[in-house]
A.B. asks: 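Below you'll find the structure I mean.
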Amino acid sequence: MRPAGGAPIPRPCRGFSPAEPPRGVFRGPVLYLARPHDRARPPGSPGQDRRPWAAGIDPYPARGVSAEPIARLLSLMGTPDAPGPRCGTPATIAGRLLSLRDFGKLVFAPVQDRGGRLQIGLEQARLGDWWPERKYLDGGDLVGASGVLGHTKKGEPTLWVTEIRLLAKAVAPPPEKWHGLVDVESRYRRRYVDLWASEGVREVFLKRSRIVSGIRRFLEAQGYIEVETPTLHPILGGATARPFVTHYNALDHDFFLRIAPELYLKRCIVGGLERVFEIARNFRNEGLSPRHNPEFSMLELYEAQADYRRMMEIAETLIETVARETNGGTEVSFRGERYDLKAPFQRESYCELFLRHAGCAYDDEPRVRAKARELEIPDPGNFAKLSNDVFEACVEEHLRGPVIVYDYPVEISPLAKRKPGEPRIAERFEVFLGGMELGNAFSELNDPADQYQRFAEQVASKDPEAPGEIDVDYVQALEYGMPPAGGLGIGIDRLVMVLTGQDTIRDVLLFPALRPKPAESAGDAAAHAAPGEA
RNA sequence: GGGCGCGUAGCUCAGUCGGUAGAGCAACUGGCUUUUAACCAGUAGGUCCCAGGUUCGAUCCCUGGCGCGCUCACCA
């Protein structure tokens, strides 16, 4: 009888010809080939040759095995006293062999797949013809195993194996089994090891995936459609940041990697798509920090007929909903503090916060300048910017959150609509949590003349991060008429940090930005190539 | 970019007040049918980040470089 969902495991590929060198094993530069048994044994040396290819076993067979998820099997195993429905039934699993505990005629080994770990037990009597296969297995190898589920004397769920096959040989040794991979640089550079060897790392990225799909479900349920806008921009816009520049040969023109998708998404609103969102990778040529990576993911969404009040509701309920879906509740622990993401969030006006923490009005120029000198904040050459620097220095640390800060000065909000009756205030808010900005939103400016004027002021400013030219095409789009709309941006990486309790952005990015490793010289590569026959 | 710290075996780490290095795990050999950091006995494994300098002698001291971490500045 065959296990449900498990195809028979073919016999190891005994027809494999050792005369044909296994591809990729001894060819070209590799990190290391430290396992002595991976090299040919000197003639006359004791013991047996454990290289699978020397025994005619293909170390990289063409086919995998059809396996059941370990997590599902575990959930149906029960305990020795109260066996579950799968206890005693046949099953096939596939995954990474983490280590081997060899008792001679009995071997225990944990096998790990994406969702969990299950111990396999290899007994000589049960394996029969397959018993010799164990000699070709090492910690780190990928294997497929079929057998019968049961428990050991200690109560450990175990697959008592009748057939086992090497699916891919690990010629590089796994990290130390107890400590795992702890060197931070190695963890990021060799994330492919970190993902299976370090506790909890895989779970962070599985959860990140659930968060992103939860966001999509939430927005689609509200009638939003997902769109994709250009990453290569001819003109900077949508934010202030230093860009990456690249050259497109066919047009012989330099393009910027986008710093924000905003202006394209609002063109979609002009075009009548009404509710659009994009989960966009943005690129900003700025420093690295626990909160910053040069490329990062941003959710931006725009909704016709909405304003920033509606965006507040969306921001709160989106964050709350995704937290419930992925964490089962709204309480999170981040950087040693507890937060409750239940909507509605606390709301504070920018002006009042400024007054409360800086001790003066945000537009009281003499006193703001005095405060800036007191805090040793350099003058950016622009009072509105200086005032905001004072805000960030005095207020942001108090924003434990989650808190919505609303009504910003219009000078630092060039794409936001003015508040009715208060032309110096923009209908804009930011969401803060743990002193970190999570989101930014506003009632979108749709007056083309006002927009042109604000672009012109940006271009004229001395700010090196401001766009170098006016996006005339965007202004023209507004001239055709953009409906009143609200827009919201949420930093995906930061939201994932909060929901997974990770302190640094690098721990929620699979491959965070690193300086390229200097290339190994040809001599080094040659030195790493294993001697002996292949 | 500035400041502080780190770089030793495949991994995690000791150590050398300057005389070319150790442990545990991994690997290899032998033993072991209920372990789960298995155990017992043995073997092997190093450009002590790189390059100069000082010295009879440098992994150690000095200078420079490279990489990483923390932190400050900029940014979301």
Side-chain angles (χ1 to χ4, degrees), chain A residues 31-39 41 45-50 98-110 117-126 138-140 150-158 160 170-190 193 197 239-242 259-260 282-300 376-378 380 389 392 396 430-432 436-440 463-465 489-495 497 503-506 514-518 521 523-524 527-528:
Chain A
L31 281 177
Y32 33 70
L33 289 167
R35 294 178 167 190
H37 73 263
D38 287 330
R39 296 193 283 270
R41 307 176 64 79
S45 55
Q48 52 189 302
D49 196 331
R50 288 186 50 221
L98 297 177
S99 60
L100 294 148
R101 293 185 288 274
D102 190 340
F103 288 81
K105 295 187 181 62
L106 169 69
V107 182
F108 288 115
R117 276 182 203 177
L118 178 64
Q119 170 171 279
I120 58 172
L122 309 178
E123 288 180 300
Q124 181 175 27
R126 207 183 284 262
D138 291 289
H151 294 93
T152 62
K153 289 175 185 169
K154 296 275 173 64
E156 172 89 3
T158 300
W160 295 105
V171 292
E176 208 257 5
K177 66 183 175 191
W178 182 240
H179 297 89
L181 199 54
V182 297
D183 176 67
V184 176
E185 181 186 357
S186 297
R187 285 191 45 226
Y188 298 144
R189 284 201 192 279
R190 301 215 284 270
V193 177
T240 53
R242 294 220 299 275
I259 57 171
N282 293 341
F283 304 84
R284 298 191 182 175
N285 205 339
E286 284 155 356
L288 292 160
S289 89
R291 287 166 285 282
H292 299 89
N293 195 67
E295 51 180 303
F296 64 101
S297 296
M298 175 105 100
L299 165 68
E300 287 205 9
E376 298 180 357
I377 296 170
D389 289 346
E392 287 174 4
E396 283 196 358
E430 296 194 357
V431 183
F432 288 90
M436 181 170 78
E437 185 187 335
L438 268 189
N440 184 16
D463 188 348
E465 294 183 357
I490 288 180
I492 297 283
D493 312 287
R494 290 182 173 183
L495 180 61
M497 285 168 68
D503 286 351
T504 106
I505 196 168
R506 304 182 127 199
L514 294 172
R515 192 179 301 274
K517 198 85 172 169
S521 70
D524 288 344
H528 280 299

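First the proteins, then the strands, lettered A, B, ... as listed; each starts at 1.
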A.B. asks: Need one value for A/N285: base, sugar-phosphate or nothing, where a base atom within 4.0 Å counts as base even if backbone is also close, heavy atoms only.
C.D. replies: nothing
A.B. asks: Counting only side-chain heavy atoms from C-beta out, which of B/A26, B/U71, B/U36 sits nearest to A/E156?
C.D. replies: B/U36
A.B. asks: To the nearest Å, give me how far apart CD (A/E295) and P (B/A76) are.
C.D. replies: 17 Å
A.B. asks: Report which part of the nucleic acid A/Q119 touches: base, sugar-phosphate, or nothing (heavy-atom distance under 4.0 Å, all strands).
C.D. replies: base
A.B. asks: What's the CZ-P distance between A/F103 and B/C32, to the nearest Å?
C.D. replies: 13 Å
A.B. asks: In chain order, what residues pass the salt bridge (Lys or Arg N to Asp or Glu O under 4.0 Å) check against A/E392, with sequence neighbours excluded?
C.D. replies: none
A.B. asks: Taking only residues two or more places apart in sequence, or in another chain, which ones meet A/R187 in a salt bridge (Lys or Arg N to Asp or Glu O under 4.0 Å)?
C.D. replies: A/D194, A/D507
A.B. asks: Just verifying a value: how many Å separate A/R291 CZ and A/E437 CD, rounded to the nearest 0.5 Å?
C.D. replies: 12.0 Å
A.B. asks: For A/L106 and B/U36, give me the distance from atom CG to atom P, rounded to whole Å.
C.D. replies: 12 Å
A.B. asks: List the residues meeting side-chain contact (heavy atoms from CB on, under 4.5 Å) with A/L100, not counting sequence neighbours, and say none if there are none.
C.D. replies: A/L97, A/V107, A/A109
A.B. asks: In whole angstrom, what separates A/R117's CZ from B/U36's C1'?
C.D. replies: 11 Å
A.B. asks: Could you pull out all residues at least two apart from A/E430 that satisfy salt bridge (Lys or Arg N to Asp or Glu O under 4.0 Å)?
C.D. replies: A/R428
A.B. asks: Of all the nucleotides listed (B/C32, B/A76, B/U34), which has the minimum atom distance to the side chain of A/K105?
C.D. replies: B/C32
A.B. asks: In whole Å, measure the gap between the C1' atoms of B/C66 and B/U47 for me.
C.D. replies: 16 Å
A.B. asks: Between B/U59 and B/C50, how far is it from one P atom to the other, in whole Å?
C.D. replies: 9 Å
A.B. asks: I want to verify a distance call: between B/U71, B/A26, B/C11, whose nearest atom is closest to the A/P290 side chain?
C.D. replies: B/U71
A.B. asks: Please state how far atom CZ in A/R190 lies from atom P in B/U12, giving the value in whole angstrom units.
C.D. replies: 9 Å
A.B. asks: Please confirm whether the backbone N or O of A/I259 pairs with a side-chain atom of A/R284, one donor and one acceptor, at under 3.5 Å?
C.D. replies: yes
A.B. asks: Looking at A/R101, does any N or O in its side chain come under 4.0 Å of the phosphate oxygens OP1/OP2 on B/A37?
C.D. replies: no
A.B. asks: Does A/N282 reach a base, just sugar-phosphate, or nothing at all? Heavy atoms under 4.0 Å.
C.D. replies: nothing
A.B. asks: Polar-atom pairs under 3.5 Å, protein N or O versus N or O of nucleotides 72-74 of chain B: list them with distances, or write none.
C.D. replies:
{"unit_1": "B/C74", "atom_1": "O2'", "unit_2": "A/E465", "atom_2": "OE2", "d": "3.3"}

A.B. asks: The criterion is side-chain contact (heavy atoms from CB on, under 4.5 Å); which residues satisfy it with A/R117, sequence neighbours excluded?
C.D. replies: A/L98, A/Q112, A/E199
A.B. asks: To the nearest angstrom, how far is A/R187 atom CZ from B/U12 atom P?
C.D. replies: 11 Å
A.B. asks: Using whole Å, what does the distance between atom C1' of nucleotide B/U33 and atom CG of A/D102 come to?
C.D. replies: 11 Å
A.B. asks: What is the distance from CG of A/D138 to P of B/C11, rounded to the nearest Å?
C.D. replies: 17 Å
A.B. asks: Taking only the C1' atom of each, what is the distance from B/U54 to B/G18 in whole angstrom?
C.D. replies: 12 Å
